[in-house]
Amino acid sequence: MGKHKKWNLEQKVKIEKEVKNGATISYLNNKYGISGMGTVGRWNQEYDEGGLGIDNRGKKKYQVELEDIDILKKSYALLMLTI
């Protein structure tokens with residue numbers, strides 16, 4: 001089994017812009033040599049949610065949730081300082 005190609009954020013954003021402009025996922029898979037059938041679809045979802053550049057591999061789900069809670073707490077504290 002071969003290694004998968006690593007895609008950087010700029011490449012992913014370029015591909016996602018093509019998706020937004022109407023290119024089909026199968027066309028993009030062939031054009032860029034993307035092997036996974038769900039890869040571009042996942043990138044599309046992550047792009048829409050604002051998390052395309054976030055790499056959570058190796059983290060347990062509760063760690064990610066705790067990080068999100070910490071971010072929300074800090075954001076709330078900053079918001080309260082401006083009021």
Side-chain angles (χ1 to χ4, degrees):
M1 195 153 115
K3 285 190 139 195
H4 293 282
K5 180 177 179 182
K6 302 249 186 217
W7 298 91
N8 65 37
L9 181 59
E10 291 82 22
Q11 292 169 321
K12 291 178 183 180
V13 169
K14 178 182 175 184
I15 293 167
E16 280 312 305
K17 286 182 181 179
E18 290 188 49
V19 169
K20 299 301 181 193
N21 287 328
T24 64
I25 290 175
S26 59
Y27 168 77
L28 294 171
N29 282 346
N30 290 331
K31 180 178 178 180
Y32 293 103
I34 300 169
S35 59
M37 293 306 295
T39 302
V40 175
R42 183 175 29 80
W43 290 349
N44 191 35
Q45 181 180 1
E46 291 172 359
Y47 183 85
D48 290 343
E49 294 171 355
L52 186 59
I54 299 172
D55 184 5
N56 288 327
R57 290 178 296 179
K59 292 185 179 179
K60 298 199 183 303
K61 185 169 179 64
Y62 68 87
Q63 288 175 314
V64 174
E65 290 172 354
L66 289 176
E67 289 172 3
D68 290 345
I69 291 170
D70 287 339
I71 291 169
L72 288 171
K73 285 179 180 178
K74 290 175 184 176
S75 299
Y76 180 75
L78 287 172
L79 178 65
M80 294 310 291
L81 289 174
T82 61
I83 294 179

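The analysis underlying the following values was restricted to heavy atoms, covering all of them including side chains, and did not include hydrogens, waters or symmetry mates.
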Chemist: Any pair with a residue in residues 71-83 that passes salt bridge (Lys or Arg N to Asp or Glu O under 4.0 Å), sequence neighbours left out, goes on the list, sorted by first then second residue, please.
Modeler: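 Checked against salt bridge (Lys or Arg N to Asp or Glu O under 4.0 Å) - neighbours excluded - no pair reaches residues 71-83.
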
Chemist: Please name all residues satisfying salt bridge (charged side-chain N to carboxylate O under 4.0 Å, His left out) with Lys31, sequence neighbours left out, ordered by chain then number.
Modeler: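 So Lys31 forms a salt bridge (charged side-chain N to carboxylate O under 4.0 Å, His left out) with Glu18.
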
Chemist: For Asp48, enumerate each residue passing the side-chain hydrogen bond (donor to acceptor under 3.5 Å, both in side chains) test, keeping only those at least two apart in sequence or located in another chain.
Modeler: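 Residues passing side-chain hydrogen bond (donor to acceptor under 3.5 Å, both in side chains) with Asp48: Lys20.
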
Chemist: Can you check whether Ile34 reaches Ile15 side chain to side chain, under 4.5 Å on heavy atoms?
Modeler: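 Heavy-atom side-chain distance check passes, below 4.5 Å.
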
Chemist: Using links of under 4.5 Å between side-chain heavy atoms of ILVMFWY residues, direct or through other members, which residues join Leu72 in one cluster?
Modeler: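 In the cluster with Leu72 there is nothing else; it is isolated.
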
Chemist: With sequence neighbours excluded, what pairs up with Glu49 under the side-chain hydrogen bond (donor to acceptor under 3.5 Å, both in side chains) test?
Modeler: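 Result, side-chain hydrogen bond (donor to acceptor under 3.5 Å, both in side chains) vs Glu49: Gln45.
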
Chemist: Out of curiosity, Thr39 OG1 to Asn29 CG, how far, rounded to the nearest 0.5 Å?
Modeler: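 One gets 7.0 Å once the value is rounded to the nearest 0.5 Å.
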
Chemist: Can you run down the ring pair (Phe, Tyr, Trp, His ring centres under 6.0 Å) pairs that involve residues 17-53, sequence neighbours left out, and say none if there aren't any?
Modeler: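 Output for this query lists Trp7-Trp43.
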
Chemist: State which residues pass side-chain contact (heavy atoms from CB on, under 4.5 Å) with Asn8; sequence neighbours excluded, sorted by chain then number.
Modeler: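 By the side-chain contact (heavy atoms from CB on, under 4.5 Å) rule, Asn8 matches Glu10, Gln11.
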
Chemist: Got a donor-acceptor contact below 3.5 angstrom from the Asn44 side chain to the Val40 backbone?
Modeler: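 Pair absent, no side-chain N/O of Asn44 close to backbone of Val40.
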
Chemist: To the closest 0.5 Å, what do you measure between CG (Leu9) and CD (Glu16)?
Modeler: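 The CG atom of Leu9 sits 10.5 Å away from the CD atom of Glu16.
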
Chemist: Other than Met37, which residues form its hydrophobic cluster under the rule that side-chain heavy atoms must be closer than 4.5 Å?
Modeler: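 Direct or chained contacts put Met37 with none.
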
